[in-house]
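Report on the structure given below.
Every chain is numbered from 1, with letters handed out A, B, ... down the list of sequences. Values below: every heavy atom of this structure, side chains too, minus hydrogens, waters and symmetry copies.
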Protein chains: 2
Amino acid sequence: MEERPNSAPCDPSSAPPDSLDLLYSVNRPVYDEDRLGSRLHRKSEAPITVGQRVARQFQCSGQRVRAVLFSLLPVLSWLPAYPLRQYIFSDVVSGLSTGVMQLPQGLAYALLAAVPPVYGLYSSFYPVLLYTVFGTSRHVSVGTFAVISLMIGGVVVRETPDHMFYVQANGTNASAVVDEVARDARRVQVAVVFTTITGAIQIILGLLRFGFVAIYLSEPLVRGFTTAAAVHVVVSQLKYLLGIKTSRYSGALSAIYSLKAVLSQITETNVPTLLLGVACLVFVYIIKDLNERFKKKLPVPIPGEIIVVIVSTGVSYGLALSSQHQVDVVGHIPTGLQPPGLPDFSLFPNLITDAFAVAIVGYSMGISLAKIFALKHGYTVDDNQELLAYGLCNFISSFFQTFAVTCSMSRSLVQESTGGKTQIAGLLASLVVLLVVVAIGFVFEPLPQTALAAIIMVNLLGMFKQFRDVPQLWRTSKIDMSIWVVAFVSSVLLGLDLGLLVSITFGILTVVYRTQTPHRAVLGHVPDTALYLSVDQYEEATEAPGIKVFQYNSSLYFANSDRYVSSLKEQTGVSPEQIQALRKAQRKKVQKCKDEAERGVSHELVSNHHGDSPKRPSGQENGKVTGTDADSEESHFIQTVAGSSVHSVVLDWSCVGFIDSVASKAVKQVIKEFAAVEVSVVIAGCNSGVLDELQRLQFFTQIERSVFFPTVHDAVLHCQSRTFSHAPETRV
Amino acid sequence: MEERPNSAPCDPSSAPPDSLDLLYSVNRPVYDEDRLGSRLHRKSEAPITVGQRVARQFQCSGQRVRAVLFSLLPVLSWLPAYPLRQYIFSDVVSGLSTGVMQLPQGLAYALLAAVPPVYGLYSSFYPVLLYTVFGTSRHVSVGTFAVISLMIGGVVVRETPDHMFYVQANGTNASAVVDEVARDARRVQVAVVFTTITGAIQIILGLLRFGFVAIYLSEPLVRGFTTAAAVHVVVSQLKYLLGIKTSRYSGALSAIYSLKAVLSQITETNVPTLLLGVACLVFVYIIKDLNERFKKKLPVPIPGEIIVVIVSTGVSYGLALSSQHQVDVVGHIPTGLQPPGLPDFSLFPNLITDAFAVAIVGYSMGISLAKIFALKHGYTVDDNQELLAYGLCNFISSFFQTFAVTCSMSRSLVQESTGGKTQIAGLLASLVVLLVVVAIGFVFEPLPQTALAAIIMVNLLGMFKQFRDVPQLWRTSKIDMSIWVVAFVSSVLLGLDLGLLVSITFGILTVVYRTQTPHRAVLGHVPDTALYLSVDQYEEATEAPGIKVFQYNSSLYFANSDRYVSSLKEQTGVSPEQIQALRKAQRKKVQKCKDEAERGVSHELVSNHHGDSPKRPSGQENGKVTGTDADSEESHFIQTVAGSSVHSVVLDWSCVGFIDSVASKAVKQVIKEFAAVEVSVVIAGCNSGVLDELQRLQFFTQIERSVFFPTVHDAVLHCQSRTFSHAPETRV
């Protein structure tokens with residue numbers, strides 16, 4: 001930066017800078033944009049042509065290729081520099097801790113995704129491995145996640161409803177039996193191709209640098225949405241906890257249908273299932289609580305979930321819960337991995353919109369978590385590379401029969417808090433899962449589903465705490481609260497996909513709403529300060545006579561230009577229509593009188609109008625007056641009678657960030673209308689970007705640049721001087 | 001207004017106001033919002049409670065009832081005061097001229113709406129009559145309109161495709177014959193119930209005061225949309241002009257299918273039909289052109305359309321075109337009106353969304369036209385009453401078998417230009433139509449359809465001129481152009497209803513896009529002016545050393561707060577992450593050196609770091625330094641090495657019209673991050689509405705109000721003074 005000690009804006013000679021009573025001292029001529037422009041020298045910018053831009057984009061050099069490669073495969077940049085001795089121990093501890101969480105969560109979330117549990121294990125292995133290569137976050141734990149799994153489950157159930165798989169032999173509907181093997185096989189197919197599409201969408205969005213889409217999921221929206229997801233999850237898990245068999249619903253109102261179905265069958269609750277489930281629930285909850293409470297004392301969090309899985313598997317096996325007490329268990333878990341297969345793309349058109357929803361939700365959850373950790377540990381994550389990484393994880397893995405994944409908050413917190421330094425921890429976690437899959441998967445076959453339901457529920461209990469947002473948002477921001485509520489209600493009632501769409505749309509509309517109902521005020525001068533504040537708010541703000549300063553805190557464009565104009569007329573009290581109508585009426589009256597006067601009844605006229613215009617020019621009393629002279633006399637007379645007491649309006653445009661053609665035309669029109677009733681409109685505080693825009697919109701074809709002033713004070717001074725010098729007799 | 005001659009903001013003693021060289025002179029202390037607030041007195045506002053508001057809303061008095069009645073039935077206010085002698089002649093001339101246009105247009109647009117022509121006549125009678133009672137515009141001509149008719153036709157055809165009415169007797173598909181009587185009867189049913197729903201929607205929106213919805217149809221959008229409608233109309237009329245029989249398409253890509261169907265049968269063109277059609281086309285076009293050219297000389301425009309109708313009816317009858325030359329004619333026109341009937345509401349769910357589109361498009365077309373005339377003639381139209389009026393016209397009329405109507409531009413221009421003063425003209429026009437319907441409707445039975453197609457096409461030729469908008473918008477505003485193009489392309493390809501939805505969504509997204517990519521700049525001081533302009537644009541704008549002024553022309557909210565932060569870091573060159581990382585590395589290095597120093601190798605340390613920090617404090621050279629003393633020394637040392645050359649950042653928030661919780665948190669975070677690397681952030685030009693919002697968002701729990709300054713100059717002066725007084729030795 002240039003060091004220019006003499007450029008201090010405050011003139012040191014008149015008042016030395018004092019930290020207690022600094023002086024703001026400015027003495028300069030009043031500028032309008034014309035005069036200011038003539039004083040200043042605009043730097044010439046060499047515009048970049050499209051050709052140059054394209055050329056720059058596709059410039060190819062060794063360095064560039066290297067940069068692209070490193071950005072696409074972040075592992076290349078950090079793995080070679082991995083400080084083995086320093087990091088490996090923490091990474092191993094963290095990896096093992098995360099791995100033992102991946103296992104039960106994988107099994108549990110597969111239930112949510114409506115596929116057999118082993119696919120949850122696959123999904124906890126491949127994508128995690130791939131994220132090590134493509135990811136830029138060092139701390140997040142990629143893998144199965146409740147909300148995403150639930151969204152997948154909704155789609156899967158919708159595409160493969162139970163009634164598609166009624167066994168033919170049993171003809172009557174009442175006691176129809178579902179061919180579960182065929183159904184589950186089909187469900188896996190659907191989940192897999194859905195994941196392929198989700199991944200493809202993420203890859204495409206990532207390559208198009210659409211990483212910014214996550215911003216539309218604002219915090220209140222995400223919190224409302226995830227709370228709704230928690231409601232869906234709990235409702236969907238009730239039947240496992242109670243050991244009831246109901247069909248699964250999807251689409252609008254599915255939560256209500258599910259709840260109704262569970263309640264209608266509540267009498268058929270399987271008591272051992274319920275008892276075991278509640279025990280697991282309480283145990284996992286207590287462990288979570290202990291982990292939270294003794295965070296600092298515990299070297300590694302107690303792996304409550306894996307304990308529940310192991311113990312309940314043992315209990316189930318020992319007591320033969322499945323065969324003796326009809327407790328639903330996980331069932332067959334094939335050992336080993338499956339060979340890669342090609343997804344079945346015939347369902348593509350049915351899945352594409354849902355895949356969009358999952359792609360964006362998944363990415364948003366991940367990136368927000370990644371950014372939190374990055375901030376905490378002082379590194380940066382790359383939006384677009386993360387999007388690409390999730391896309392690649394989902395896309396490639398789906399060929400190995402996985403369902404869509406993203407970061408899980410609970411696991412990521414464990415991975416980070418147990419000391420994970422890099423994705424080596426993630427890699428190790430995935431190896432833990434792999435070990436189970438290839439070696440001892442069958443061990444978990446007697447695991448009761450109610451234990452998994454308990455794990456899922458406890459993991460989502462935290463989300464219900466988000467209900468506390470509502471009263472808090474009510475106090476701080478009604479609009480944010482309405483976004484939260486709309487996101488929650490629409491996602492609970494319409495389902496997560498449609499609910500998300502509705503809430504994003506609503507969120508965007510609130511922005512439009514805000515620009516349509518901005519803060520607006522008539523400003524007055526705070527004496528001796530050149531500051532202008534709302535006359536309604538501050539006693540010191542005084543208006544200069546005949547001058548109204550109108551402030552409107554928004555950019556101007558098609559959806560608010562009408563309101564801007566009506567608000568301007570309302571707040572300044574200048575209504576050209578009324579004045580014109582009044583004048584028309586008076587002109588008629590005058591005309592009538594004149595006609596009568598010409599017929600020789602001039603005395604009547606004088607007595608008629610005496611009250612209206614005491615200072616009426618004497619010209620007409622002589623009887624016949626003709627031509628332009630009479631016209632100007634007349635218009636002057638009318639003006640005094642039906643004019644506005646306001647002669648100048650200053651539009652404070654310091655808040656106008658952009659303007660479009662509709663608004664520019666509306667403003668032009670208003671300036672003309674006001675000019676017709678002798679109210680001059682000037683514009684203040686318009687920034688150079690908007691001035692350039694107005695130039696392009698051909699605003700200055702009819703309006704001079706000199707109606708623009710750099711500050712409100714300049715504009716007011718100008719208006720005052722014009723009044724004093726040009727028409728002192730009519731105004732004072 | 002108060003007259004306070006002494007409140008002139010400019011001090012007259014120092015420089016008398018001179019129109020040529022006014023002085024802007026301000027000498028005052030530097031204010032921050034804290035100090036300014038203590039000087040000012042805020043007026044207390046008595047907040048209006050919800051109860052009071054409701055009470056006010058439902059206050060009932062005789063005057064209020066009267067006002068409501070007059071507002072609902074505007075006819076009550078103007079008809080009793082109708083200046084019969086003065087207005088009646090012009091209104092009769094105008095009414096007859098408009099009436100003879102209603103006739104051919106009614107017949108023609110019924111073709112577009114896919115119902116028999118007589119229903120076009122009904123639609124040109126009842127609603128026009130009703131609008132006299134309910135309407136607030138004095139000059140518009142309500143009745144059939146091409147775009148609306150076409151939209152209705154699309155829906156009608158979709159709901160009653162030809163194949164639903166194949167005559168059973170003829171089994172083979174190839175030569176299937178359509179039962180046209182049954183089909184047309186059903187089509188009328190659909191069109192009528194569609195109109196009922198449209199009317200109901202308009203009534204409801206009107207009662208809810210939703211008259212503002214029209215603003216979302218910005219001018220570029222409407223022009224793109226109507227151009228697309230013209231394309232649809234011309235394509236749909238080609239077959240009548242050529243005398244070809246093809247089925248009518250609706251929905252996405254229907255224009256392309258229709259065109260393909262016509263082209264594939266072009267060899268079957270009926271030559272007499274084509275010749276007659278082209279003759280009519282040329283004739284109507286020439287008459288339109290003459291009317292336009294000799295607007296001022298002609299007392300009444302030449303009624304080209306009715307001439308074409310009469311002459312072509314005569315020719316068709318005389319030459320027996322229908323029977324001899326297979327020219328399609330209008331066919332049976334029942335005489336007299338039909339008794340009212342109840343619409344068939346079973347189709348409700350299929351029609352509701354389309355009815356929304358027609359309700360809003362119809363209203364928007366009407367209100368924009370009404371506003372143009374109101375502006376020209378100096379009266380006002382009431383948005384909500386107009387919406388209600390259209391709703392009542394459509395709803396009530398639909399019980400008498402009409403289809404939806406709105407204002408027609410061409411007819412309204414005739415009604416106004418022939419001297420129409422009030423809706424008495426409209427009333428008379430409707431009586432002309434009534435006369436034809438009850439007395440001589442059958443006369444038009446031999447009227448060739450090709451003549452009607454010619455009338456429709458000529459009426460829409462003007463819309464094709466709107467293609468000229470595109471190059472013009474390209475020059476003035478790329479965003480407006482993109483709205484035009486999206487509206488046109490989506491409406492042509494997806495159909496008018498879906499196209500409208502897409503274009504409105506796109507229009508709203510452009511607003512969001514603009515707030516995400518606003519103009520942003522680093523500002524510099526223009527010496528002696530207290531003005532701050534972009535340092536990239538103006539040579540005179542100079543930055544004070546160590547102070548960056550950052551301007552961002554947009555409100556701050558969830559969708560741009562991330563960008564705001566990154567743009568701030570990029571433009572000011574302050575990157576807390578980098579500085580922190582650098583410091584961390586250096587702290588390690590220092591630690592390492594210190595460790596070594598403790599082991600007695602202090603000399604090495606000195607030679608190592610001499611280059612980096614020439615002014616390094618001497619404390620560490622003594623070898624062992626411990627505790628807080630050493631820490632502060634160390635941090636100071638690090639700061640000088642890895643600090644930013646910027647010590648203060650001023651955020652110019654004069655363009656921030658609103659802020660939400662996401663952005664407020666982001667800004668808080670940035671202030672903290674910057675503070676951690678010894679860069680202080682102050683905010684300037686924040687208006688009081690935003691300050692109140694920040695208060696509610698609990699922004700001031702961690703941040704003091706004194707970081708806010710009323711102007712950028714105040715903020716810069718403050719930052720400069722703090723530098724001079726607190727840390728002169730490290731900065732200069």
Side-chain angles (χ1 to χ4, degrees), chain A residues 1 3 7 9-10 17 19 21-22 24-30 40-43 215-216 218-219 378 476-477 480 508 511-512 514 518-519 525 528-531 537-540 542 545 553-554 558-559 562 577 580-581 645 654-655 657-658 661-662 687 689 696-697 710 714 717 721 724-725, chain B residues 1 3 7 9-10 17 19 21-22 24-30 40-43 215-216 218-219 378 476-477 480 508 511-512 514 518-519 525 528-531 537-540 542 545 553-554 558-559 562 577 580-581 645 654-655 657-658 660-662 689 696-697 710 714 717 721 724-725:
Chain A
M1 190 197 293
E3 296 275 324
S7 73
C10 140
S19 68
D21 206 11
L22 277 167
Y24 176 113
S25 172
V26 176
N27 296 286
R28 60 168 172 84
V30 165
L40 297 175
H41 296 87
R42 198 150 178 163
K43 288 184 185 169
I215 54 174
Y216 292 106
S218 65
E219 201 193 332
T476 58
S477 166
D480 283 347
I508 290 175
V511 177
V512 176
R514 288 204 206 223
H519 190 80
H525 186 235
D528 313 320
T529 62
L531 296 177
Q537 283 189 330
Y538 293 99
E539 288 179 16
E540 282 77 6
T542 48
N553 287 351
S554 167
F558 63 84
D562 263 17
E577 293 91 353
Q580 291 284 26
S645 62
S654 46
C655 237
F658 64 86
S661 62
V662 177
N687 68 58
R696 275 195 300 278
L697 291 169
D714 283 290
L717 290 176
S721 78
F724 289 131
S725 57
Chain B
M1 191 194 297
E3 296 275 325
S7 73
C10 142
S19 66
D21 207 9
L22 280 166
Y24 176 114
S25 171
V26 176
N27 296 286
R28 60 167 173 83
V30 165
L40 298 176
H41 296 87
R42 198 149 178 166
K43 289 183 186 172
I215 54 176
Y216 293 106
S218 65
E219 201 192 331
T476 59
S477 166
D480 284 347
I508 290 175
V511 177
V512 176
R514 288 203 206 222
H519 190 80
H525 184 235
D528 312 320
T529 61
L531 296 178
Q537 282 187 328
Y538 293 99
E539 287 179 15
E540 281 78 5
T542 47
N553 288 351
S554 168
F558 63 85
D562 262 16
E577 294 91 352
Q580 291 284 27
S645 62
S654 46
C655 238
F658 64 87
D660 74 353
S661 61
V662 177
R696 276 196 299 278
L697 290 168
D714 283 289
L717 290 177
S721 79
F724 289 132
S725 57

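Put simply, CG on B:Asn553 and CG on A:Asn687 are 4.0 Å apart, with the number rounded to the nearest 0.5 Å. In this structure, CD1 on B:Ile508 lies 5.5 Å from OH on B:Tyr216, to the nearest 0.5 angstrom. How far CG of A:Leu40 is from CG of B:Leu531: 8.5 Å, rounded to the nearest 0.5 Å.
For chain A, the nearby parts of B:Val26 are the backbone and the side chain; heavy atoms of each come within less than 4.5 Å. In this structure, the portion of B:Asp562 lying under 4.5 Å from any heavy atom of chain A is its side chain and not its backbone. Contact of B:Asp480 with chain A is made through the side chain alone, with heavy-atom distances under 4.5 Å.
Top candidate by heavy-atom pairs under 4.5 Å with chain A, chosen from B:Val662, B:Leu697, B:Asp714, B:Thr529, is B:Thr529. Your options are B:Arg696, B:His519, B:Arg514, B:Glu219, and the one with the most heavy-atom pairs under 4.5 Å with chain A is B:Arg514.
Put simply, the side chain of A:Arg28 never gets that close to the backbone of B:Asp528: no donor and acceptor are under 3.5 Å apart.
B:Tyr24 and A:Leu717 get closest at one heavy-atom pair: CA-CD1, 3.9 Å.
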